[in-house]
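Only one structure is covered here, and it is reproduced in the block below.
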Amino acid sequence: MIIQRVARWIDNRLGASRAARTTLNKVFPDHWSFMLGEVALYCFVILVLTGVYLTFFFTPGTKEVVYHGSYAPLDGVKMSQAYESVLRISFDVRAGLVMRQIHHWAALMFVAAVIAHLMRIFFTGAFRRPREINWMIGVTLLILAIANGFTGYSLPDDQLSGTGLRIAYSVVLSVPVAGVWTAFLIFGGEFPGNEVLTRFFVIHILIIPVAIAVLLGAHLAILVRQKHTQFPGRGRANTNVVGARLWPTFMAKTLGLFFLTFAVLAALGGLAQINPVWIWGPFEPAAVSAGSQPDWYVGWLEGSLRLFPAWETRLFGFEIPNPFYSGVVIPGITFMLLYAWAFLEARVTKDYEEHHLLDRPRDRPVRTSIGVAALTFYVILFAAGGNDVLAARFDISVNLITWVFRIFLLVLPPLTALLTYRLCRELQARDHEKPRPTAVLERTQSGGYVEVEEPAGAPRA
Amino acid sequence: MSAPDRERRAVNQVAVAFGVSALASLGLAAVYWQGGQNQVEGVLLAIALGGLGYGFVVVARRLLPQGPYTEERDVLPSSEGQVAAFETDLERGEGWLARRGFLLKMLGVAAGALGVAALFPLRSLGPNPGNSLRRTKWRRGSLVVDEQGEPVRVRTLEVGGVLTVFPEGHLEREDSQTLLIRISDENVVTRKGREDWAPEGYVAYSKVCTHAGCPVGLYQQDVKRLLCPCHQSSFDAVEGARPMFGPATRSLPQLPLMVDDNGLLRAQDDYDEPIGPGFWDRGR
Amino acid sequence: MRRAVVVLVGLGLLATATALGLAGAAATPSRGNDDAGVQQGRELFVTGCAQCHGADGGGTDQGPSLVGVGAASADFQLTTGRMPDTDPDRQPVSKPPAYEPDEIDALVAYVASLGDGPPIPDVDDPPGRLTEGGELYLLNCAACHSAAGNGGALSSGRTAPDLHGATRVQTAEAIRTGPGPMPIFGPDTLSDRQVNSIVEYVRYLDDPEDPGGLSLGRVGPITEGLVALLGLVALAFACRWIEPKEHAE
């Protein structure tokens, strides 16, 4: 066989057979929720594939040109090179629009999958020792994914991306002491600046993707070294992993998932229009559209900016402007808490043991309630990021809806936490009433085997 | 169904899935060749990839060994002996370093100096902010012009009308964009000390929101109120654009206007405070 | 293929425009200031409008004076069904007109006779230019009505209405008369051609090209985000299909 000959050729030079065999036999637990991280990984692969194609046609310049492409309503309109090249990709480059749309859908899905994966890790306690390093790498990957989404959203230089950049500029400007200089260095001067598009382009296509690729490599390498966690069950212990082998079964599953992920994104890219920049129009400093929104993963920051009351600090002629609290402090605390969570929890529970068996969320009611409360908090912020759209759609006053969200933000998280806690306890009690399998086999008189069940009501380990 | 039957069926399913995928790919190539069409491309690509995905999953679930297989975990921490051996080896260099503390300090100085020197080129990224956040392009006597550069006359706006204006010669300057509103047909006093700022009912406010810098483009002429569409701060156009709701803490700066002998609107001067979102030493 | 679609859409627009133009031309004579129309309008006004706007149209504390608002304003308010309205405290919204077209013409003639005001605009002369309309729309209108014409929220419970479905004449009337919270764009602010250009662009927004597929309402990132989350849910089901085994408890 040709494969065997190639393998032998490589082994003669690298002596890789032993390591390769271990890899082929690596066991992957077979729970569906373990595949959410893979969806994120494949979204990244698809982003790179479609993104490389787009770079061949995109021009990140702010130089003014006059459009004469095939989109008639903008014929003869002055615009930046960047916006013009996005119109060209959308209307004149064959297969350009489908690539662009798949790219944008994949970006939305990438962050969604990262967050779903993070929730799985959080609620099952997979971040505990020895996986704290991978937890922190994961949080960093989330930040990078959001950052790359935002830089990508900014590139087409349409009205929405300009509005987003303007708000980002104001948030940077609000940082005490260093804000003004930082904003001027990033934007190359006062907003809009002439440099920000070319700089964001380099950040978007080179710096962050490389950082993501490197950290992904580390994330996966650590995963291979530490092996997967698994849910407790028959034959599963803290000392083993039970599941399918990499070769060939898991390989086929994960390839299947890659193609299915790509298929869903291709279907969206073909059938659902995303970011029609020709409707938003080219960026004009003096224009803005009602209902301007960031992409969904920035929505919680937008909501934070909208809900935060009209407070700011003024002392001795210096000031800390309002967007600093809503746009820097709140996300800062968010990510600090995420980074620290693995250590905070170990400290509080005094549990420094190695854990390879996962918790069921109901068995850790406190952690689960905190998680649900945090989720509620961010979902409310996200919804508040669209308060004007909600107000217009449901014919409610923006002022009223803003106040409702402000109150919800303080009241609902503790409430949902309490409810979750009660629910977890309830579910635990119900588990208690059911007989449970014990993985102990007893021989029956007829010669068969039957599993011993723990009687209902027995104290739980 | 017997096991071999099930297997045969699975094989057939996979073969059909891969076949459909191949056909869709051929179709995709043909559509591209014919000029391309986004929906058809997306659907055919989805079928081509979905066929492969479906096939692989059926192979994994029906045709390949299911296990479960068990793999033992190695103990992650190294044995005490290994750690001790590592520490001994580490000692080789560490001990030397400890004895040469002075060299280490000098290395620190050199590396630190290099690091600081390497920061200097960052300065090239942007200009010195200097006064630029405190001044706009409005000057004493600047002619008020619309987006096309046409001068604004007293009759340009009706009461209840609104227009985005710039100082002549600085069209589309971000920091100078100003919202000109006609709230009345006679002189308006929005605040004490601004007695002659709004001749003929023309008031002019900086269009850059004092919260996060969006253009405050919504004017509700019936209640004479301005709204920023980004974060819903609203401002009272009659009372010097005082913030009424939302996150904005400061009024929009007002541009003092005058009418010249030809009936053209001009600025009396630049804004008397920095426009736009706040920053650390804005008040200095 | 695409060109064919564009041509078809273009023909469609032309046909509709012509039809509307003809309708407009046919309607114009009856909208003149002829005395019979004014007389009929006065009668309708006394029964249907005077309660709020006063017997002579001079206004009461329930409704504004209509002296000098002009034919454009009356025609806009009546053809969009905003007037007659029952609740003076709420913003009137678009609904099916309460009067027949000839009754509206009579009422419009009566209101126009009360004092000088903007006439019903001619949206075909001078002809508008789509491109110019797009630029003016994005700068002057999108802040309230959104780039796609979906409308938006204003402060204190007011809304800028969705523009889809407004006729060309209604669009031009709204620009000229500034109904409710909307600013007024008089002839010295926007020329007749500029108004007609905006009208063309608003018409275009009724049914713009959607080369990317389903428009998702052209609301922007909010609906896009929800669709992406649906996509992720679909993939989560795919994961369950790939790994059907329930984990042992």
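Residue numbers start from 1 in every chain, and the chains themselves are labelled A, B, ... in the order their sequence lines are given, proteins ahead of strands. In what follows, every heavy atom counts, from backbone to side chain, and hydrogens, waters and symmetry copies are set aside.
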[X] [atom1] to [Y] [atom2] distance, which is reported to the nearest 0.5 Å:
X	Y	atom1	atom2	result
B/Leu122	A/Leu185	CG	CG	7.0 Å
A/Leu307	B/His231	CG	NE2	10.5 Å
A/Phe308	B/Thr249	CZ	OG1	11.0 Å
B/Leu133	A/Phe184	CG	CZ	4.0 Å
B/Arg173	A/Glu190	CZ	CD	6.0 Å
B/Leu49	A/Ile46	CG	CD1	8.0 Å

Identify which part of [X] has an atom lying under 4.5 Å from any heavy atom of chain B, answering side chain, backbone, both or neither.
X	answer
A/Asn387	side chain
A/Leu265	neither
A/Gln293	neither
A/Arg199	side chain
A/Pro130	side chain
A/Glu319	both
A/Glu302	both
A/Pro321	side chain
A/Ser289	backbone
A/Arg100	neither
A/Asn399	both
A/Tyr169	side chain
A/Phe262	both
A/Ala391	neither

Chain A contact via [X] - which portion, at a heavy-atom distance below 4.5 Å:
X	answer
B/Arg123	both
B/Thr70	both
B/Phe166	side chain
B/Phe245	side chain
B/Glu174	both

Next item on the list: Could you go through the side chain to side chain contact (heavy atoms under 4.5 Å, CB included) check for B/Cys214 and A/Arg166 one step at a time?
Entry: CA-CA 7 Å; B/Cys214 288; A/Arg166 182 198 315 268; 4.3 Å; yes

Looking at [Y], is its backbone amide N or carbonyl O close enough to the side chain of [X] to form a donor-acceptor pair, meaning the two atoms are under 3.5 Å apart?
X	Y	answer
A/Arg245	B/Tyr69	no
A/Arg306	B/Gly246	no
A/Ser292	B/Cys230	no
B/Arg73	A/His228	yes

Notebook entry, point to check: For chain A, which residues from residues 270-282 of chain B have at least one heavy atom closer than 4.5 Å to it?
Noted result: B/Pro277, B/Gly278, B/Phe279, B/Trp280, B/Asp281, B/Arg282

Item checked: Any residue of residues 10-28 of chain B which, by heavy atoms, sits under 4.5 Å from chain A -> none

Chain A interface, residue from [options] that has the most non-hydrogen pairs under 4.5 Å:
options	value
B/Gly51, B/Ser132, B/Gly67	B/Ser132
B/Ala212, B/Gly55, B/Ala48	B/Ala212
B/Pro247, B/Gly283, B/Pro243	B/Pro247
B/Val43, B/Asn128, B/Asp74	B/Asn128
B/Val57, B/Thr164, B/Leu76	B/Leu76
B/Glu71, B/Gln66, B/Glu41	B/Glu71

So which residue, [options], ends up with the most heavy-atom pairs under 4.5 Å with chain B?
options	result
A/Gly269, A/Gly189, A/Pro248, A/Ala244	A/Pro248
A/Thr163, A/Val177, A/Val180	A/Val177
A/Met251, A/Arg225, A/His356	A/His356
A/Pro176, A/Ser174, A/Ala384, A/Ala267	A/Pro176
A/Val398, A/Asn238, A/Ile167	A/Ile167
A/Ala272, A/Gly179, A/Gly243, A/Ala290	A/Gly243

Check: In terms of side-chain geometry, is the basic nitrogen of A/Asp30 or B/Arg61 positioned less than 4.0 Å from the acidic oxygen of its partner?
Finding: no

Next item on the list: Search all heavy atoms of B/Gly50 against all heavy atoms of A/Leu260 and return the closest pair with its distance.
Entry: O-CD2, 4.1 Å

Note to self: Pair A/Val288, B/Val216 - check side chain to side chain contact (heavy atoms under 4.5 Å, CB included), show working.
What the structure shows: CA-CA 8 Å; A/Val288 67; B/Val216 185; over 6 Å; no

Check: Yes or no on side chain to side chain contact (heavy atoms under 4.5 Å, CB included) for B/Phe56 and A/Lys253, after CA distance, side-chain angles and deciding distance?
Finding: CA-CA 6 Å; B/Phe56 273 111; A/Lys253 281 181 188 171; over 6 Å; no

Next item on the list: Tell me, yes or no, whether the heavy-atom count around A/Tyr352 atom OH, taken from other residues, nucleotides or ligands under 6.0 Å, exceeds 12.
Entry: yes

Next item on the list: Would you check, one step at a time, whether the test side chain to side chain contact (heavy atoms under 4.5 Å, CB included) holds for B/His211 with A/Leu305?
Entry: CA-CA 9 Å; B/His211 172 236; A/Leu305 281 166; 4.1 Å; yes

